[in-house]
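The block underneath contains the structure these notes are about, expressed in structure tokens.
Residue indices begin at 1 and follow the sequence shown.
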Amino acid sequence: MQAWRVHTPGEPSEAMRLEEVPEPVPGEGEVRLKVLAANVNFPDALLARGQYQIRPPLPFTPGVEICGETEDGRRVIANPSLPHGGFAEYVTASARALLPAPDTLDDAEAAALHIGYQTGWFGLHRRARLRSGETLLVHAAAGGVGSAAVQLGKAAGATVIGVVGGKAKARTAEELGCDLVIDRTADDTARIAARVKEFTGGRGADVVYDPVGGEAYTASAKCVAFEGRIVVVGFASGTVPAPALNHALVKNYAVLGLHWGLYAAKDPGAVLACHTELTRLAAEGAVKPLVTERVPLAGAADAVQRVADGTTAGRLVVVPALDGGGSR
């Protein structure tokens, strides 16, 4: 089969190589899946760079979430077992962790429903306890992770403010349903905070969803409301902020960390329950992954690089069938 592999860590466009390799052999408790679609995530870039918290043995194939087909023809959502990641024609995955792909979503959309939406749901509901009528501020609102949070926030009855980088991404955020869109390329940190305060009548954002870090976190701390909650889900900016805890004390707000993978390890039942809720929301049309581009397997490295560079909106999904059906 064909698979992209990393032999030496580096930028995805240089480190990832498309090779002919043997099909992976399932281990105990695993199944082999045909890859129908593999969603591109920022962690795929971190894996290629050797910067992710999990470092699989070299060589390995990136790709942390897929929609796949079992040998008996079922469509499922899965996290491939590294080092045999999703940017390949076949993967192995834990049989116990397979989730049914929603009938209302196509393969690419189903592949993108998992990590980003699970992270959003746990962050907004389990950690921040977002309530209807509250104001939610989402950084990188037009990106894959941010767009999921925007949709989940609207589904929960929140007023959503989206922060984006550039006019094209601003249009995307507006189409997603953001009640206010702020272009960070036109406003500095102080101005972003001021616009949030102005829009909320001086109160600020009740919940902030931050996959960016750096200056985004600085803006968040300036405009979070009394008893507000800042949910930290990543550092796409490359800068890990150092929160001023005296500031959190003075303003009575909480800084909450969210690592979704811990739920998969420590409370898998909660992950299944979340998937059931996401499937219901998808069936109702309340959420639908924003797949902006479906690329063939041959274009996976370029897609991962573009996500790493922050030049994309929504989700890029690798669909092996676009290459002509695979090697077998």
Side-chain angles (χ1 to χ4, degrees), residues 1-71 75-95 97-98 101 107-108 110-112 114-115 144 261 291-312 315-328:
M1 70 169 189
Q2 287 194 312
W4 286 91
R5 297 209 294 176
V6 173
H7 292 262
T8 303
E11 285 301 302
S13 61
E14 299 175 356
M16 292 174 61
R17 304 178 191 172
L18 186 58
E19 300 174 345
E20 287 285 339
V21 300
E23 290 182 14
V25 177
E28 184 176 353
E30 293 185 333
V31 294
R32 182 165 54 202
L33 302 171
K34 179 181 179 181
V35 178
L36 302 176
N39 184 42
V40 179
N41 287 275
F42 189 71
D44 294 318
L46 296 179
L47 279 166
R49 292 168 174 166
Q51 297 175 344
Y52 198 51
Q53 56 258 43
I54 298 171
R55 298 191 180 186
L58 297 168
F60 69 89
T61 298
V64 296
E65 66 178 339
I66 69 160
C67 175
E69 183 179 71
T70 64
E71 292 184 355
R75 246 182 18 126
V76 297
I77 293 172
N79 299 120
S81 302
L82 297 175
H84 305 296
F87 301 136
E89 293 181 282
Y90 291 87
V91 300
T92 57
S94 169
L98 299 181
D107 296 339
H114 192 35
I115 296 176
V291 178
T292 53
E293 191 174 345
R294 293 164 171 81
V295 302
L297 184 59
D302 175 69
V304 176
Q305 186 66 59
R306 285 188 284 146
V307 169
D309 293 340
T311 61
T312 62
R315 288 295 189 182
L316 272 60
V317 181
V318 175
V319 181
L322 295 176
D323 289 87
S327 61
R328 120 176 163 174

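Between Val31 and Glu71 the shortest side-chain heavy-atom distance does not fall below 4.5 Å. In this structure the side chain of Gln2 never reaches within 4.5 angstrom of the side chain of Pro320, judged on heavy atoms. Residues Leu58 and Val6 have side chains in contact (heavy-atom distance under 4.5 Å, counting atoms from C-beta outward). Side-chain contact between Ile66 and Leu36: absent, with no pair of heavy atoms (C-beta onward) separated by less than 4.5 Å. When side chains are defined from C-beta on, Val307 does not count as touching Asn41, because their heavy atoms never get closer than 4.5 Å.
For the atom pair CZ of Arg294 and OG1 of Thr292, the computed distance is 9.0 Å after rounding to the nearest 0.5 Å. Between the OH atom of Tyr90 and the CE atom of Met1 there is a distance of 9.5 Å, given to the nearest 0.5 Å. The distance from the CD atom of Gln305 to the CG atom of Leu316 is 12.5 Å, given to the nearest 0.5 Å.
Val91 and Gly85 get closest at one heavy-atom pair: CG1-O, 3.2 Å. Here the closest non-hydrogen pair linking Val319 and Ala37 is CG2-CB, 4.3 Å. Closest non-hydrogen pair, Ala111 versus Cys67, comes out as CB-N, 3.6 Å. Taking each heavy atom of Pro57 and Pro83 in turn, the nearest pair found is O-CB, 4.1 Å. For the residue pair Leu297 and Ala88, the shortest heavy atom distance occurs at CD1-N, 3.8 Å. Nearest heavy atoms, Ala78 versus Leu98: CB-CD2, 3.7 Å.
Salt bridge status for Arg49 with Glu11: present, with a side-chain N to carboxylate O gap under 4.0 Å.
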### Task
Before giving the answer on side chain to side chain contact (heavy atoms under 4.5 Å, CB included), spell out for Phe87 and Val40 the whole-Å C-alpha distance, their side-chain angles and the decisive distance to 0.1 Å.
CA-CA 9 Å; Phe87 301 136; Val40 179; 4.0 Å; yes
### Task
Might you work through the side chain to side chain contact (heavy atoms under 4.5 Å, CB included) test for Val76 and Thr70, ending with a clear yes or no?
CA-CA 7 Å; Val76 297; Thr70 64; 4.1 Å; yes
#### Entry: Worked verdict on Arg306 versus Val295 for side chain to side chain contact (heavy atoms under 4.5 Å, CB included)
CA-CA 12 Å; Arg306 285 188 284 146; Val295 302; 4.2 Å; yes
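At least one donor-acceptor pair under 3.5 Å links the side chain of Thr61 to the backbone N or O of Trp4. Side-chain atoms of Asn39 never come within 3.5 Å of backbone atoms of Val317 as a donor-acceptor pair (strictly under, hydrogens ignored). A donor-acceptor contact shorter than 3.5 Å is absent between the side chain of Glu30 and the backbone of Thr92. Judged by distance alone, with hydrogens and angles left aside, the side-chain atoms of Arg55 form a donor-acceptor pair with the main-chain N or O of Gly50 at under 3.5 Å. Here the side chain of Glu65 pairs a donor or acceptor atom with the backbone of Ile115 at under 3.5 angstrom.
Among His84, Arg5, Glu89, the single residue meeting the side-chain contact (heavy atoms from CB on, under 4.5 Å) criterion with Val21 is Arg5.
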